[in-house]
There are 2 protein chains.
Amino acid sequence: MKKTILVFSLLIFAILLLFQISKYAVLSGSLKIEIIIGVIAIVFLIIGIYINKKSLHKNGVSSVGIDYKKISELEITAREYEVLQAISEGLSNKEIGNKLCLSESTIKTHVSNLLVKLNAKRRTQALQIAKSYKII
Amino acid sequence: MKKTILVFSLLIFAILLLFQISKYAVLSGSLKIEIIIGVIAIVFLIIGIYINKKSLHKNGVSSVGIDYKKISELEITAREYEVLQAISEGLSNKEIGNKLCLSESTIKTHVSNLLVKLNAKRRTQALQIAKSYKII
DNA sequence: AGTAGTTTGGTACTTTAGTATGACCTCTAA
DNA sequence: TTAGAGGTCATACTAAAGTACCAAACTACT
């Protein structure tokens, strides 16, 4: 948040500076009006692109990162988290067991524990909840 | 494609017009330089935002929205898509039936069709595939 | 009016998921 | 050293999920 404020302050300052420079440059006749307008146009074109990209990142799908704090808050263990990730890949219990070199029983135990910790009734609901918590 | 060329031609013409108007307005002293620069800045800011949005739409799917083209490409019907969305909310077949005022049998039919169309073996896999296609 | 596609629902069945419980092992901190 | 936590696996069970049919009704288009 602080970074955003800093960036915007600098941006506004730069724009004001640009305005003043261009104004005096034109009045003193040291620069042609076409060049000033061209520079202004290019600068604001870039700013427009930048702002748009930012806003898309903000309310977009773009991954923000995983909330590791939440994972430990929910007391989800490393093994359980591995299983959760495998579930999100759409694997069955047997396939997860295969992938992690464990028996299907073990996976079932982990899944059961996960469902309790995530307060879910099904693995699909666990997925939805985990996503809302930003832990996958 | 023709539309794009037309839009760009008009845009370039408008920009050139703007340049000339602003130049003569300043030289004749009928408008203050600050106002001209401000207008130029705003216009190019908007153009920048517009171009960026266009380019995002162009190379693949827009990072924000849903790839509706892909949905129809996969021949997923409206009802099936509703069911797919309900699955992504972590609902069971019975709950989906409840939500859409349909029997569980009907939901099972829709789910089965969805799995075939998405080439998935399980609903969790369907979810993962649907996400990779950006249709949910 | 007939055809194709969608939607809805059913039965009967197999497979997968999930629960409950108990057992054994390993590691770590009190 | 012993209690606790994490991990592993098993059995037995119930509940969902998914498959494979079938059939009727309801569009929309020709």
Side-chain angles (χ1 to χ4, degrees), chain A residues 66-133 135-136, chain B residues 66-133 135-136:
Chain A
I66 287 166
D67 191 350
Y68 294 104
K69 215 178 96 192
K70 191 76 192 176
I71 296 174
S72 61
E73 230 174 73
L74 292 167
E75 296 184 311
I76 291 171
T77 66
R79 237 357 181 190
E80 284 162 2
Y81 188 65
E82 276 186 288
V83 172
L84 181 61
Q85 287 181 313
I87 289 173
S88 80
E89 289 168 21
L91 303 180
S92 70
N93 288 338
K94 198 172 280 178
E95 286 169 339
I96 297 171
N98 233 45
K99 189 183 176 186
L100 302 179
C101 294
L102 296 174
S103 81
E104 198 189 336
S105 303
T106 307
I107 306 302
K108 282 190 177 185
T109 308
H110 287 318
V111 172
S112 252
N113 292 332
L114 267 172
L115 295 183
V116 171
K117 289 177 183 178
L118 287 170
N119 195 29
K121 280 171 191 153
R122 280 164 295 282
R123 45 174 53 209
T124 46
Q125 198 182 5
L127 243 37
Q128 186 259 310
I129 292 169
K131 250 158 228 153
S132 77
Y133 284 160
I135 61 177
I136 50 170
Chain B
I66 285 165
D67 191 350
Y68 294 104
K69 215 178 97 193
K70 190 75 192 175
I71 295 174
S72 60
E73 231 174 73
L74 293 167
E75 295 182 313
I76 291 171
T77 68
R79 235 4 179 186
E80 284 162 1
Y81 187 64
E82 276 186 286
V83 172
L84 181 60
Q85 285 180 314
I87 290 174
S88 80
E89 289 168 22
L91 302 181
S92 70
N93 289 338
K94 198 172 282 178
E95 286 169 338
I96 297 170
N98 233 44
K99 189 182 175 185
L100 302 179
C101 293
L102 296 174
S103 81
E104 199 189 335
S105 302
T106 308
I107 305 303
K108 281 190 177 187
T109 308
H110 288 318
V111 172
S112 252
N113 291 334
L114 267 172
L115 294 183
V116 171
K117 290 176 184 180
L118 287 171
N119 195 29
K121 280 172 191 152
R122 279 164 295 282
R123 47 173 52 208
T124 46
Q125 198 183 4
L127 243 37
Q128 186 259 309
I129 292 169
K131 248 157 232 155
S132 76
Y133 285 159
I135 62 176
I136 52 169

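Throughout, a chain's letter reflects where its sequence line sits, starting with A, and its residues are numbered from 1.
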### Task
For residues 83-97 of chain A, pull every pair meeting salt bridge (Lys or Arg N to Asp or Glu O under 4.0 Å), keeping only residues two or more places apart or in separate chains.
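For residues 83-97 of chain A: A/E89-A/K99, A/E95-B/R122.
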
### Message
Tell me which pairs pass salt bridge (Lys or Arg N to Asp or Glu O under 4.0 Å) where either residue lies in residues 71-83 of chain A, with sequence neighbours left out.
### Response
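Only A/K70-A/E73, A/R79-A/E82, A/E80-A/K117 qualify under salt bridge (Lys or Arg N to Asp or Glu O under 4.0 Å).
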
#### Entry: Qualifying residues under side-chain hydrogen bond (donor to acceptor under 3.5 Å, both in side chains), relative to A/T106, sequence neighbours excluded
A/S103

[X] and [Y]: which non-hydrogen atoms are nearest, and at how many Å?
X      : Y      : answer
B/I87  : A/T124 : O-CB, 4.1 Å
A/L118 : A/I129 : O-CD1, 3.4 Å
A/I136 : A/S88  : CD1-CB, 4.1 Å

### Task
List the protein contact pattern of nucleotides 8-28 of chain D with one symbol per nucleotide (5' to 3'): B for base contact, S for sugar-phosphate-only contact, - for none; contact means a heavy-atom distance under 4.0 Å.
SBBB-----BBB---------

#### Entry: Segment of DNA chain C, first to last nucleotide, that comes within the 4.0 Å heavy-atom reach of chain A
C/dA17 to C/dT19

### Query
So how far off straight is the helix from C/dA1-D/dT30 to C/dA30-D/dT1, going by the axes through five pairs at either end, to 10°?
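The end-segment axes of the helix from C/dA1-D/dT30 to C/dA30-D/dT1 are tilted 50° relative to each other.
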
Rounded distance [0.5 Å steps], [atom1] in [X] versus [atom2] in [Y]:
X      : Y      : atom1 : atom2 : result
A/I107 : A/N98  : CD1   : CG    : 9.5 Å
B/Q125 : A/L91  : CD    : CG    : 7.5 Å
A/L115 : A/H110 : CG    : NE2   : 13.0 Å

### Query
What residues form a side chain to side chain contact (heavy atoms under 4.5 Å, CB included) with A/I71, not counting sequence neighbours?
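Result, side chain to side chain contact (heavy atoms under 4.5 Å, CB included) vs A/I71: A/I66, A/Y68, A/I76, A/Y81, A/I135.
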
